[in-house]
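Let me begin by handing over the structure; questions about it come next.
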Amino acid sequence: TGERTPDLPSARGVLANLSLNNFTPGGLARAAVESVILGLGYGLNRFRELGVPVSSIRLTGGASNSPVWRQLCADIFGVPTIALDSGKGAASGAAIQAGWTVLRSQGSNLDLPEICERLVTFDESTRCEPNQEFTDHYAAALTKSHDLRSALASTPFLS
């Protein structure tokens with residue numbers, strides 16, 4: 001069904017680097033999870049290239065309940081991760097932004113970071129620190145996935 005990060009709406013899936021050692025149900029499941037996080041890592045690196053500093057990542061949604069997901073995110077992103085207390089981060093964020101907009105339209109000077117500081121809380125038990133060995137491994141994997149995507153861009157595989 002395509003990909004959002006990077007923006008490839010007509011892309012098809014590709015399995016690469018398969019061997020007899022990793023072509024197992026568990027290996028394929030891990031590859032699927034890693035590919036999703038590597039796609040997010042691609043987007044995060046684009047922010048970094050634009051000069052946006054990244055010191056930590058806040059995780060939300062169903063996957064953030066998984067310790068393996070959280071650690072993979074920390075390892076792939078190369079910064080600490082922590083999950084929100086609420087798994088409804090998108091809805092909470094939308095409500096906070098809507099409330100801030102209403103307050104501003106009524107003349108309030110309350111700023112968005114101040115509102116977030118008061119309303120967004122974290123579950124410290126979910127904090128994960130990146131493992132440098134794995135971060136290096138995933139940095140190489142991110143480069144490989146970028147190179148593969150570039151090589152396939154002119155073929156029917158991504159369109």
Side-chain angles (χ1 to χ4, degrees), residues 1-14 29-150 152-153 158-159:
T1 60
E3 181 56 65
R4 295 178 294 183
T5 308
D7 185 24
L8 299 166
S10 299
R12 307 292 193 276
V14 175
R30 183 163 183 115
V33 170
E34 287 175 341
S35 70
V36 169
I37 303 170
L38 285 168
L40 295 171
Y42 169 89
L44 182 62
N45 283 344
R46 290 292 295 134
F47 277 110
R48 288 173 169 145
E49 289 168 8
L50 295 169
V52 177
V54 180
S55 59
S56 66
I57 298 290
R58 275 71 166 145
L59 303 172
T60 187
S64 68
N65 293 321
S66 166
V68 173
W69 175 272
R70 294 190 306 264
Q71 187 62 55
L72 279 170
C73 286
D75 293 340
I76 291 172
F77 303 153
V79 294
T81 61
I82 189 168
L84 303 180
D85 274 331
S86 167
K88 308 293 186 216
S92 297
I96 289 169
Q97 198 166 22
W100 175 69
T101 302
V102 169
L103 287 171
R104 293 209 20 127
S105 72
Q106 295 173 348
S108 171
N109 290 330
L110 194 60
D111 66 354
L112 192 55
E114 185 179 344
I115 294 171
C116 290
E117 185 71 31
R118 291 167 48 184
L119 298 177
V120 179
T121 56
F122 307 100
D123 179 354
E124 282 298 326
S125 71
T126 66
R127 183 177 296 279
C128 292
E129 297 292 329
N131 177 314
Q132 191 59 52
E133 178 183 347
F134 296 137
T135 297
D136 293 342
H137 166 80
Y138 286 116
L142 193 55
T143 298
K144 285 180 184 178
S145 69
H146 174 75
D147 292 346
L148 179 60
R149 191 170 34 257
S150 296
L152 294 175
L158 293 185
S159 57

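Note that the structure is a prediction, hence the values are computed from the model and not measured.
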Is the count of non-hydrogen atoms from other residues, nucleotides or ligands lying under 6.0 Å from R104 atom CZ greater than 12? no
Looking only at heavy atoms, which two atoms of R70 and A83 are closest? And how far apart?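 It is CD-CB, 4.2 Å.
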With side chains defined as the heavy atoms from C-beta onward, is the minimum distance between I57 and L40 less than 4.5 Å?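 Sidechains of L40 and I57: no contact.
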Looking at every non-hydrogen atom in both residues, tell me the closest pair between C116 and I96 and how far apart they are.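 Minimum heavy-atom contact is SG-CG2, 4.1 Å.
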Using the ring of F122 (Phe, Tyr or Trp, six-membered ring only), decide whether R127 places NZ or CZ under 6.0 Å from its centre and within 45 degrees of its axis. no
What's the separation between atom CG in D85 and atom OG1 in T60, rounded to the nearest 0.5 Å?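 If I round to the nearest 0.5 Å, the distance is 10.5 Å.
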Main-chain N/O of L110 paired to W100 side chain as donor or acceptor, under 3.5 Å: yes
Can you tell me how far apart CD1 (I37) and CD (Q71) are? Round to the nearest 0.5 Å.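 If I round to the nearest 0.5 Å, the distance is 10.5 Å.
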Between the main-chain N or O of G89 and the side-chain N or O of S92, is there a donor-acceptor pair closer than 3.5 Å? no
Which is it for L103 and I115 under the side chain to side chain contact (heavy atoms under 4.5 Å, CB included) test, yes or no, and what are the steps along the way? CA-CA 11 Å; L103 287 171; I115 294 171; 4.2 Å; yes
Working to the nearest 0.5 angstrom, can you tell me the gap between S64 OG and I82 CD1?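 The distance works out to 11.0 Å.
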Side-chain contact test, heavy atoms from C-beta onward, threshold under 4.5 Å: evaluate it for W69 versus V36 and give yes or no. yes
One pair to check against side chain to side chain contact (heavy atoms under 4.5 Å, CB included): L59 and T126. What are the steps and the verdict? CA-CA 9 Å; L59 303 172; T126 66; over 6 Å; no
Exam field: side chain T135 to backbone N131, donor-acceptor pair closer than 3.5 Å: yes
Check: Q132/D136 side-chain N/O donor and acceptor closer than 3.5 Å: yes
Could you tell me if the side chain of R30 sits less than 4.5 Å from the side chain of L72, heavy atoms only?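 They are in contact (side-chain heavy atoms under 4.5 Å apart), so the answer is yes.
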For the CG atom of L50 and the CZ atom of R46, what is their distance to the nearest 0.5 Å? 5.0 Å
For residues R149 and Y42, determine if any side-chain heavy atom of one lies less than 4.5 Å from a side-chain heavy atom of the other.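 Yes, at least one pair of side-chain atoms sits under 4.5 Å.
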Backbone N/O of V79 and side chain of E129: donor-acceptor pair under 3.5 Å: no
Interatomic distance, L112 atom CG to Q97 atom CD [nearest 0.5 angstrom]: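 Output value for this atom pair is 6.5 Å.
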Would one find more than 12 heavy atoms of other residues, nucleotides or ligands at under 6.0 Å from atom CG of N109? no
What I'd like to find out is whether the side chain of P80 reaches to under 4.5 Å of the side chain of C128, using heavy atoms alone.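 No, side chains not in contact.
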Counting only N and O atoms by type, is there a donor-acceptor contact under 3.5 Å from the side chain of S145 to the main-chain atoms of L142?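 Indeed, once roles are kept as given, a pair shorter than 3.5 Å links the two residues.
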Shortest non-hydrogen contact from Y138 to I76? CG-CG1, 3.3 Å
